[in-house]
Amino acid sequence: MNKLIIASALIGACGLSMSAANPIVEGWYADPEAIIYDNTYWVYPTRSLPYEEQVALDAFSSPDLFHWTKHEAVLDTNAVKWATKCLWAPAAISKDGKYYLFFGANDVHEGEIGGIGVAVADRPEGPYKDLIGKPLINDIVNGAQPIDQFVFRDDDGSYYMYYGGWGHCNIVKLKDDFTGIVPFPDGEMYKEVTPKDYVEGPFMFKRDGKYYFMWSQGGWTGPDYCVAYSISDSPFGPFNNQGKILQRDEMIGTGAGHHSVIHIPGTDDYYMVYHRHPIGATDGNNRVTCIDRMYFDSEGNILPVRMTFDGVEPRTLTSKK
């Protein structure tokens with residue numbers, strides 16, 4: 001493991017605050033999934049490389065959002081026999097002392113083997129191994145390519161997975177052991193919940209009893225990739241597009257999207273973890289992972305996230321989550 005000390009800091013002598021720099025780690029990384037495990041921040045991104053070279057996933061951990069440790073190849077295609085390329089956009093969650101990564105593989109199309117898989121490990125840094133030896137979801141349902149999954153635990157203990165590319169988003173309910181999906185009370189296995197202008201990259205969190213559903217719009221290689229959101233009373237929607245909250249800033253970066261959110265337990269503090277193209281980047285795979293603060297207005301609406309080079313101030317955790 002290599003320590004990556006990320007510091008564009010303005011320190012002490014002048015009385016200025018210290019902050020981590022954006023991007024938070026070196027290298028081309030996209031689609032970052034962020035989560036807190038036992039007082040440590042973890043980020044699981046996609047290696048932003050040509051499809052055939054996307055055969056492993058790295059992870060990064062930090063005690064404070066400032067110092068990051070790289071954990072290389074926590075999952076690779078050697079551990080997933082049906083996956084050959086396009087190891088994409090992991091979703092991370094823990095349950096009953098085990099750690100899980102849901103992932104997309106193979107850029108699957110109709111009639112091909114691939115889609116969404118699930119891997120398990122005894123530690124957040126892996127190594128992860130294939131849980132079921134086949135895709136969890138392989139088929140194209142409701143027009144949604146099985147990629148970009150996010151796993152959401154609701155207050156009643158139900159685990160839902162939102163997923164989908166090609167402009168369509170489905171929700172499914174996971175089995176308790178994550179080895180498959182189960183029908184909803186009405187007998188349906190898949191429900192489409194696609195908002196207006198949805199493209200990919202769904203994310204869900206709950207705040208003050210409301211469900212905040214977020215997604216990416218536009219083309220991932222282009223400058224206009226962005227994040228929009230909706231607020232609903234139900235995990236099933238309806239999700240009405242309430243506008244963009246993360247988008248290009250010609251002074252800082254373009255193509256900002258495919259994000260996740262960190263919530264500091266016991267507070268109303270939220271951080272958006274996302275990727276963007278540096279100014280002047282000419283290759284769609286030139287994507288870097290960044291963190292900036294996310295705020296709400298008095299009505300609970302998400303305010304536009306301001307991208308920065310400075311990043312966020314160090315933040316240690318004291319309670320376990």
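In this structure the side chain of Tyr190 reaches within 4.5 angstrom of the side chain of Ile181, judged on heavy atoms. Counting heavy atoms from C-beta outward, Ile264 and Arg315 have side chains that approach closer than 4.5 Å. Using a 4.5 Å cut-off on side-chain heavy atoms (C-beta onward), Met161 and Asn170 make no contact. Considering only heavy atoms from C-beta on, Val172 stays 4.5 Å or farther from Met189 through its side chain. Side-chain contact between Tyr41 and Trp68 is present, with heavy atoms from C-beta onward closer than 4.5 Å. Between Ile291 and Leu65, some side-chain heavy-atom pair lies under the 4.5 Å cut-off. Between Tyr100 and Lys95, some side-chain heavy-atom pair lies under the 4.5 Å cut-off. Between Asn285 and Trp28 there is no side-chain heavy-atom pair separated by less than 4.5 Å.
In this structure, Phe152 and Tyr160 have parallel ring planes: the angle between them is below the 30° cut-off, well short of the 60° mark. Aromatic ring pairs are classed by plane angle as parallel below 30°, tilted from 30° to 60° and perpendicular above 60°; the pair Tyr44 and Trp42 is parallel.
Between the side chains of Glu125 and Tyr37, no donor N or O sits under 3.5 Å from an acceptor N or O. Asp64 and Ser62 share a side-chain donor-acceptor pair at under 3.5 Å. In the model, Glu200 has no side-chain atom that pairs as donor or acceptor with a side-chain atom of Trp220 under 3.5 Å. Judged by distance alone, the side chains of Trp215 and Asp197 never bring a donor and an acceptor atom under 3.5 Å apart. Asn240 and Ser230 are not linked by any side-chain donor-acceptor pair at a separation below 3.5 angstrom, with hydrogens and angles left out of the test. Under 3.5 Å, the side chains of Ser48 and His275 contain no donor-acceptor pair of N or O atoms. Side chain to side chain, Tyr128 and Asp76 fail the donor-acceptor criterion of an N or O pair below 3.5 Å.
Scanning for side chain to side chain donor-acceptor pair (under 3.5 Å) contacts around Ser232 gives an empty result, with sequence neighbours left out. Not a single side chain to side chain donor-acceptor pair (under 3.5 Å) links Thr221 to another residue, sequence neighbours left out. Partners of Glu299 under the side chain to side chain contact (heavy atoms under 4.5 Å, CB included) rule, at least two apart in sequence or in another chain, are Asp297, Asn301. Evaluation of the side chain to side chain donor-acceptor pair (under 3.5 Å) rule for Lys191 yields Asp186, Glu188 as partners, not counting sequence neighbours. Looking at residues two or more places apart in sequence or on another chain, you find a ring-ring contact (aromatic ring centres under 6.0 Å, His included) between Phe184 and Phe236. Every residue meeting the side chain to side chain contact (heavy atoms under 4.5 Å, CB included) condition with Ala281, not counting sequence neighbours, appears here in chain and number order: His277, Pro278, Asn286. Shown here are the side chain to side chain contact (heavy atoms under 4.5 Å, CB included) partners of Arg293, two or more places apart in sequence or in another chain: Asp269, Tyr271, Tyr295, Val312. Here Val199 pairs with nothing under the side chain to side chain contact (heavy atoms under 4.5 Å, CB included) rule; sequence neighbours left out. For Tyr229, there are no ring-ring contact (aromatic ring centres under 6.0 Å, His included) partners at least two apart in sequence or on another chain.
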Can you give the donor-acceptor pairs under 3.5 Å from side chains of residues 252-260 to other protein atoms, not counting sequence neighbours?
{"residue": "His258", "atom": "ND1", "partner": "Asp31", "partner atom": "OD1", "Å": "3.2"}
{"residue": "Ser260", "atom": "OG", "partner": "Pro32", "partner atom": "O", "Å": "2.8"}
{"residue": "Ser260", "atom": "OG", "partner": "Ala34", "partner atom": "N", "Å": "2.9"}

Decide yes or no on ring pair (Phe, Tyr, Trp, His ring centres under 6.0 Å) for Tyr162 and Phe150, but give the supporting numbers first.
-> CA-CA 5 Å; Tyr162 299 85; Phe150 175 71; 7.2 Å; no

Please report the C-alpha distance between Thr40 and Asp38 in whole Å, then the side-chain angles of each, then the deciding distance to 0.1 Å, and finally whether the side chain to side chain donor-acceptor pair (under 3.5 Å) criterion is met.
-> CA-CA 5 Å; Thr40 300; Asp38 296 332; over 6 Å; no

Show your reasoning for whether side chain to side chain contact (heavy atoms under 4.5 Å, CB included) applies to Thr289 and Val273.
-> CA-CA 7 Å; Thr289 289; Val273 187; 4.2 Å; yes

For Tyr211 and Met204, what are the C-alpha separation, side-chain angles and deciding distance, and is it a side chain to side chain contact (heavy atoms under 4.5 Å, CB included)?
-> CA-CA 7 Å; Tyr211 294 86; Met204 170 68 78; 3.7 Å; yes

Stepwise, does the side chain to side chain contact (heavy atoms under 4.5 Å, CB included) test hold for Leu317 with Ile36?
-> CA-CA 9 Å; Leu317 297 162; Ile36 294 171; 3.6 Å; yes

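Using a 4.5 Å cut-off between side-chain heavy atoms of Ile, Leu, Val, Met, Phe, Trp and Tyr, with links allowed through other members, Phe103 and Val120 fall into different hydrophobic clusters. Note on Met307: it does not cluster hydrophobically with Val288, by side-chain heavy-atom contacts below 4.5 Å among ILVMFWY residues. Val227 and Ile147 sit in two unconnected hydrophobic clusters of ILVMFWY residues. Membership requires side-chain heavy atoms under 4.5 Å apart, directly or through other members.
Ring to ring, Phe203 and Tyr274 are not that close: their centroids are 6.0 angstrom or more apart. Taking the six-membered ring for Trp and the full ring otherwise, Phe178 and Phe102 have centroids separated by under 6.0 Å. In this structure, the ring of Tyr198 has its center no less than 6.0 angstrom from the ring center of Trp166. Ring-centre distance between Tyr29 and Phe60: below the 6.0 Å cut-off.
Between Ile140 and the choices Glu112, His109, Glu110, the side-chain contact (heavy atoms from CB on, under 4.5 Å) rule is met once, by Glu110.
No donor-acceptor pair closer than 3.5 Å links the side chain of Asp233 to the backbone N or O of Lys210. Not one N or O on the side chain of Asp139 forms a donor-acceptor pair closer than 3.5 Å with the backbone of Val141. A distance-only check finds no donor-acceptor pair linking the side chain of Thr77 to the backbone of Val80 [under 3.5 Å]. Side-chain atoms of Asn106 come within 3.5 Å of backbone N or O of Trp82 as a donor-acceptor pair.
With salt bridges taken as basic N to acidic carboxylate O contacts below 4.0 Å, one links Arg47 and Asp58. Using a cutoff of 4.0 Å between basic side-chain nitrogens and carboxylate oxygens, Lys98 and Asp122 are scored as salt-bridged. The existence of a salt bridge linking Lys206 and Asp155 is confirmed by a sub-4.0 Å separation between a basic side-chain nitrogen and an acidic carboxylate oxygen.
Pairs of residues two or more places apart, or lying in two chains, that qualify as side chain to side chain donor-acceptor pair (under 3.5 Å) and include a residue from residues 174-184 are Asp177-Thr179. Evaluation of the salt bridge (charged side-chain N to carboxylate O under 4.0 Å, His left out) test over residues 241-255, restricted to residues two or more places apart or in two chains, returns Asp224-Arg248, Arg248-Glu250.
With rounding to the nearest 0.5 angstrom, the CG atom of Leu101 is 9.5 Å from the CD1 atom of Ile35. The CG atom of Leu131 sits 8.5 Å away from atom CG of Leu136, with the distance rounded to the nearest 0.5 Å. In this structure, CD in Glu33 is found 11.5 Å from CG in Leu57, a value given to the nearest 0.5 Å.
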